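Treat the numbers as computed from the prediction; the structure is a model and nothing was measured. Both counts, for ligands and for their atoms, begin at 1 and track the order of listing.
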Amino acid sequence: MLLEKIDCVAQLIKQSRKIVAFTGAGISTPSGIPDFRSPHSGMWNNVDPMVVASIYGFRNDPQAFYDWIYPLTQTTVNALPNPAHDALVRLETLGHLKAVITQNIDMLHTRAGSKTVYELHGHMREATCIHCFAVYAAEPIIAQFLVDKQVPHCSRCGGVLKPNVILFGEQLPIQQLMGAQDAARNTDLMIIIGSSLEVAPASELPLLATRAGAKLVILNLENTHLDAKAQVVIHADAAEILPEIMQRLEITA
Ligand code: CNA
């Protein structure tokens, strides 16, 4: 059954020329970064998301945000792309994949070598002062934060620095969103990988794709509300299945 599904996805890929991958935290769990919604992921244990991970909470108590994000930051800076990220790089190199739309902030797609990546929820490459909007490269700021666990401040005005990740209550970065919408409207096959599809407006993009006639493949450990709309649904580890799909594709090319 699983082998048939893998074959079927390889066939769909072969027939498609404008594939878009839509990824979530689940593609990075095999790299050791916990997702938000799997049981035991731990990211929401003992915290209120609206207090630690909203822009209102951030402005009110930035130290609470930084305390919450500390373990994720530590894991993310040490994480490496896994075979699922690598498979998407290969698919792009072969000319099948046009874009990766990701909700992840971990930058593992670009670090793996994917070229066209829309980071809908931002990234950890930069940080911005919430007072004067000065932008800083995040690397030295993160390095210092990992040592002292303290809220970083702007060297120009003393304001609080926020990593360029999108918190609840913030707009998505407009250019990334428009690029992703365009890719979703123009794809012939969207492959959803490791997303609960519960966070809007990102989760609306697969519907944009299906309304424009695209087929859907879903590769996720758990059920999603779009499973019924997908041509193929595989409930398994993306880092195991994506390389197998690539192998089938390249054997039968
Ligand atoms: P989510 O809501 O945590 O869902 C993740 C989904 O992935 C779940 O349905 C899991 O069943 C599934 N999953 C977990 N591991 C695997 C695996 N190995 N193979 C296949 N499926 C798997 O995450 P979403 O991305 O849907 O939610 C969006 C949030 C989570 C965004 O705001 C992200 O910024 C945020 N997030 C990002 C990261 C990251 O950058 N790596 C980590 C944690 C949370």
Side-chain angles (χ1 to χ4, degrees), residues 2 5-6 9 21-45 47 49-50 52-55 65 68-88 100-112 114 117-125 138 142 163-173 176-177 180 190-206 217-227 230 232-245:
L2 181 59
K5 287 185 177 187
I6 288 171
V9 178
F22 178 88
T23 70
I27 195 169
S28 295
T29 58
S31 296
I33 304 173
D35 63 13
F36 278 177
R37 284 175 187 75
S38 285
H40 317 300
S41 93
M43 287 300 293
W44 298 126
N45 287 356
V47 293
M50 285 305 144
V52 294
S54 74
I55 187 62
F65 165 82
W68 171 72
I69 203 86
Y70 186 87
L72 185 62
T73 308
Q74 206 170 28
T75 319
T76 301
V77 296
N78 293 315
L80 295 172
N82 66 57
H85 298 101
D86 295 340
L88 294 182
V100 176
I101 300 173
T102 190
Q103 300 164 90
N104 296 344
I105 58 168
D106 59 29
M107 306 168 297
L108 289 183
H109 286 298
T110 49
R111 285 178 58 199
S114 285
V117 183
Y118 299 107
E119 295 173 316
L120 291 179
H121 292 167
H123 52 75
M124 294 174 75
R125 271 178 228 101
I142 290 174
N164 283 5
V165 299
I166 305 302
L167 302 180
F168 292 119
E170 285 193 289
Q171 300 278 345
L172 268 48
Q176 300 293 308
L177 179 61
M190 182 173 272
I191 307 180
I192 297 169
I193 307 156
S195 177
S196 62
L197 299 175
E198 283 183 16
V199 180
S203 58
E204 290 158 10
L205 291 169
V217 166
I218 299 181
L219 173 48
N220 201 59
L221 285 181
E222 297 167 331
N223 296 333
T224 75
H225 71 278
L226 284 186
D227 285 6
V232 184
V233 177
I234 300 179
H235 289 144
D237 183 349
E240 286 176 14
I241 299 299
L242 274 178
E244 284 189 41
I245 291 170

Nearest non-hydrogen protein atom to atom 18 (N) of ligand 1, with distance, is D237 OD1, 3.0 Å
For D227 and V233 the tightest heavy-atom approach is O-CG2, 3.5 Å
Among L219, N220, I241, the residue with a heavy atom nearest to atom 9 (O) of ligand 1 is N220
Under 4.0 Å from one or more heavy atoms of G24, ligand 1 contributes atoms 25 (O)
Note: V52 and F65 closest approach over all heavy atoms is O-CD1, 3.1 Å
Closest heavy-atom approach to atom 1 (P) of ligand 1 among A238, S196, G122 is made by S196
For P71 and T75 the tightest heavy-atom approach is O-OG1, 2.6 Å
The closest protein heavy-atom partner of atom 41 (N) of ligand 1 is D106 OD2, 2.7 Å
of all protein heavy atoms, closest to atom 43 (C) of ligand 1 is P34 O, 3.2 Å
The closest protein heavy-atom partner of atom 8 (C) of ligand 1 is E222 OE1, 3.7 Å
Of all protein heavy atoms, the one nearest atom 14 (C) of ligand 1 is D35 OD2, 3.3 Å
In this structure, CG of L2 is separated from CD1 of I241 (nearest 0.5 Å) by 4.5 Å
of all protein heavy atoms, closest to atom 26 (O) of ligand 1 is S195 OG, 2.7 Å
protein heavy-atom neighbour closest to atom 3 (O) of ligand 1 works out as F36 N, 2.7 Å
> Is the shortest N/O to N/O distance between I105 and ligand 1 below 3.5 Å?
Replying inline: yes
When every non-hydrogen atom of T76 is compared with those of R111, the smallest separation belongs to O-NH1, 4.0 Å
Counting heavy atoms under 4.0 Å, the part of Q103 that contacts ligand 1 is both
Checklist entry - Can an N or O of I33 be found at a distance shorter than 3.5 Å from an N or O of ligand 1? => result no
Note: S203, heavy atoms under 4.0 Å from ligand 1, region reported as neither
